[in-house]
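Notes for the one structure printed next.
A note on names: the letters A, B, ... follow the listed sequences, proteins ahead of strands, and every chain is numbered from 1.
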2 protein chains.
Amino acid sequence: MRISAKGEYGVRAMVILALVFYDGPVPLREIAERECISYQFLEQIFLPLRRAGLVTSVRGAKGGYILAKPPNEINVGDIIRALEGPIAPVECVAEGKADSCSRGDICLTRGVWQRLRDSMSEVLDDITLADVLCMSADST
Amino acid sequence: MRISAKGEYGVRAMVILALVFYDGPVPLREIAERECISYQFLEQIFLPLRRAGLVTSVRGAKGGYILAKPPNEINVGDIIRALEGPIAPVECVAEGKADSCSRGDICLTRGVWQRLRDSMSEVLDDITLADVLCMSADST
DNA sequence: ACAAAGCCGAGTATTTTTATCGGGATTAGA
DNA sequence: TCTAATCCCGATAAAAATACTCGGCTTTGT
């Protein structure tokens, strides 16, 4: 029941980008160093983030990445979905998937996974990057 | 963000045991056949379930497994924990673990994972095997 | 021109998952 | 008492997913 390192690193990196949102693009090397994440792995993580429209890249010297939208318009669910695909505890209840389970209506456990999925989505979609910054400010 | 086949099979098998709770022990072969799960894999799944006190085994001919408690006293969270360990989207917020994250208080994302974990636990702990039977009875 | 940065397909190493195997221990019933 | 059914369990194997690494290309500020 874990998210992958990809997802975890992605969220951490995005939080950093939220933190410095008004300072212009930040190069990945900087984030990698700050968060102790392999630079090359982080590169791989930012490809899907960009393709999902969550970050904008600036190429060339003085380039880097910047959030494509303000921190309060990007939620953690967006990030997780971009990196790990649809949220689903089991495949047959994946978000956006037609009810195509071969076990169909005889499946007794489907409801459980649907409730779990909905609950997970709800939490993750409710927390924006701005919220994350606030949350940690609160607890300090 | 998936549970493993082990967890999924385990829940399915336990639902079957709930269904036939008053018929005495059921051999694993029967469950395996009915749910299209490898018998030997199912054996592996039932070891931890027994050790967690969720099922009772009856050895020898005419033996099998039976729920150790009535269906309304076993919830899905118990089963998942027995099979997959503590519920936690990332390791550092695992249930029952001291706050030992090396990143400690500088970790901005911890709160997110805690909220997700709590939400997942709450849902899973709230659904008993009896509920699962009812849920599917409802939707028929 | 050159260095700093992103872009990206391919490859590899490690870990986890999903089983499978083979034999032993227990017990109901013939 | 014999046998077949059944659980018990450590070891191993195969497959899949994960977590990176590599190498080279493209873009751009100075």
Nucleotides bounding contact with chain A, strand DNA chain D, heavy-atom threshold 4.0 Å: D:dA19 to D:dG29
With A:Thr128 via side-chain hydrogen bond (donor to acceptor under 3.5 Å, both in side chains) - residues at least two apart: A:Asp131
Counterpart residues, ring pair (Phe, Tyr, Trp, His ring centres under 6.0 Å), relative to A:Phe21 (two or more places apart): none
Identify each atom pair where a protein N or O and an N or O of nucleotides 28-30 of chain C are less than 3.5 Å apart, giving names and distance.
none

CD/B:Glu73: more than 12 non-hydrogen atoms of other groups inside 6.0 Å: yes
Below 3.5 Å is the cut-off: list the nitrogen or oxygen pairs between protein and nucleotides 13-16 of chain C, distance only.
none

With sequence neighbours excluded, residues passing side-chain hydrogen bond (donor to acceptor under 3.5 Å, both in side chains) with B:Asn72: none
A:Tyr39: ring pair (Phe, Tyr, Trp, His ring centres under 6.0 Å) partners, not counting sequence neighbours: none
All salt bridge (Lys or Arg N to Asp or Glu O under 4.0 Å) counterparts of B:Asp118, not counting sequence neighbours: none
Salt bridge (Lys or Arg N to Asp or Glu O under 4.0 Å) pairs, two or more places apart, involving residues 78-95 of chain A: A:Arg81-A:Glu95, A:Arg81-A:Asp125, A:Glu91-A:Lys97
Residue pairs fulfilling salt bridge (Lys or Arg N to Asp or Glu O under 4.0 Å) with at least one residue in residues 46-61 of chain A, sequence neighbours excluded: none
Residue-level proximity of residues 37-55 of chain A to DNA chain D when a heavy atom falls under 4.0 Å: A:Ser38, A:Gln40, A:Phe41, A:Gln44
Distance below 4.0 Å between B:Tyr9 side-chain N/O and C:dT18 OP1 or OP2: no
B:Glu122: side chain to side chain contact (heavy atoms under 4.5 Å, CB included) partners, not counting sequence neighbours: none
